[in-house]
Amino acid sequence: MTKTIGLICGSLRKNSYNRAIAQSLIDFDNAAQFRWVEIDSLPFFNEDLEIAGAPDSVTSFRADIQDVDGVIIVSPEYNSGIPGVLKNALDWASRPRTSSVLNRKPVGLIGATPGGFGTAFGQTQLREVLEAMQVNVLPFQKMLISQVHEKIDSAQNILTDEQTKRYLQRYLQQFIHWIDHAPVPVPN
Ligand SMILES: Cc1cc2nc3c(=O)[nH]c(=O)nc-3n(C[C@H](O)[C@H](O)[C@H](O)COP(=O)(O)O)c2cc1C
């Protein structure tokens with residue numbers, strides 16, 4: 001059956017390279033369906049808000065994640081770490097802890113930067129945080145895109161580099177396979 005994949009972009013910038021990379025997944029002629037899962041209207045996480053009842057933006061964000069078979073996060077790194085807006089979104093998604101919509105959800109990680117290390121440091125942190133949340137992150141495979149500004153048509157903000165497209169297509173195939181093979185909890 002066709003898989004539905006949610007796309008979270010860790011940058012709120014209008015001409016974000018990472019959003020352009022995420023868009024390129026949608027533009028491939030492939031077997032998956034995609035939905036954007038937006039994080040820009042989420043409030044700062046605050047346990048007082050949580051106790052008062054999650055705001056509508058949080059409820060619909062969680063529902064967006066619940067409704068898809070897997071999520072691919074496409075994000076820059078800031079100061080070798082996770083962008084604050086993305087961490088904030090993950091903190092909202094992690095609650096309530098016992099019934100988090102991300103619990104055991106298959107998740108893929110992609111990152112792009114004009115720099116030379118392809119967001120390797122931020123992705124390592126992201127993997128650690130998601131593991132703490134018991135998320136099924138696609139193991140072993142890394143999709144790190146360096147010098148992204150040379151791989152994008154800046155006028156249209158679309159990915160033009162053919163090799164990067166091939167890498168992304170292969171990553172996507174591996175991720176779709178992972179959706180069906182990620183481990184499920186052992187019953188008590
Ligand atoms: C606060 C801040 C910190 C950054 N830190 C890093 C970094 O640690 N490593 C890196 O490769 N790029 C870093 N950058 C550059 C970003 O990779 C670059 O701005 C990129 O275009 C952001 O992604 P976007 O195009 O999807 O918005 C940083 C940018 C900002 C604004």
Side-chain angles (χ1 to χ4, degrees), residues 5-28 30 32-46 57-58 60-61 64-65 68 70-94 102 105-133 135 137-138 140-172 174-175:
I5 298 174
L7 291 173
I8 295 178
C9 181
S11 168
L12 305 186
R13 198 167 73 85
K14 189 159 70 70
N15 291 320
S16 159
Y17 293 128
N18 284 277
R19 187 166 279 266
I21 295 294
Q23 180 63 47
S24 74
L25 299 176
I26 299 174
D27 294 341
F28 293 151
N30 57 50
Q33 290 186 335
F34 291 91
R35 290 186 202 157
W36 289 104
V37 179
E38 300 295 354
I39 62 172
D40 57 338
S41 59
L42 296 172
F44 288 136
F45 182 81
N46 176 339
S57 57
V58 172
S60 63
F61 168 67
D64 286 349
I65 294 175
V68 292
V71 172
I72 295 182
I73 298 172
V74 190
S75 180
E77 65 177 15
Y78 284 168
N79 301 305
S80 300
I82 305 170
V85 288
L86 177 59
K87 180 62 166 58
N88 184 58
L90 294 176
D91 288 338
W92 275 117
S94 74
L102 272 177
K105 184 71 79 175
V107 167
L109 302 178
I110 296 174
T113 168
F117 296 102
T119 76
F121 303 106
Q123 256 190 51
T124 300
Q125 285 189 9
L126 204 42
R127 203 171 270 275
E128 197 172 301
V129 165
L130 292 169
E131 184 168 308
M133 291 164 57
V135 173
V137 182
L138 174 62
F140 312 125
Q141 311 300 328
K142 287 197 172 60
M143 190 66 224
L144 305 171
I145 303 172
S146 56
Q147 273 89 38
V148 67
H149 58 299
E150 295 171 3
K151 296 167 180 166
I152 296 258
D153 173 332
S154 55
Q156 300 179 74
N157 209 31
I158 54 169
L159 176 66
T160 49
D161 184 68
E162 292 301 326
Q163 191 178 45
T164 306
K165 284 186 192 177
R166 282 198 298 279
Y167 288 151
L168 282 167
Q169 269 165 332
R170 197 177 58 190
Y171 186 87
L172 188 55
Q174 286 164 333
F175 183 67

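Heads up: numbering here begins at 1 and tracks the sequence. Atoms within a ligand are numbered from 1 in the order they appear, just like the ligands themselves. Hydrogens, waters and symmetry mates are skipped; everything else that's a heavy atom, side chains included, is used.
Qualifying ring-ring contact (aromatic ring centres under 6.0 Å, His included) partners for Tyr167, counting only residues two or more places apart in sequence or in other chains: none. When the side chain to side chain contact (heavy atoms under 4.5 Å, CB included) test is applied to Gln147, the partners found at least two apart in sequence or on another chain are His149, Glu150. With sequence neighbours excluded, no residue satisfies ring-ring contact (aromatic ring centres under 6.0 Å, His included) with Phe61.
With contacts defined as side-chain heavy-atom distances shorter than 4.5 Å, the pair Leu172/Ile72 qualifies. With contacts defined as side-chain heavy-atom distances shorter than 4.5 Å, the pair Asp27/Leu159 does not qualify.
With Lys151 contributing its side chain and Ser146 its backbone, the two residues share a donor-acceptor pair below 3.5 Å.
The protein residues lying under 4.0 angstrom from ligand 1, judged by non-hydrogen atoms, are Ser11, Arg13, Ser16, Tyr17, Asn18, Pro76, Glu77, Tyr78, Asn79, Ser80, Thr113, Pro114.
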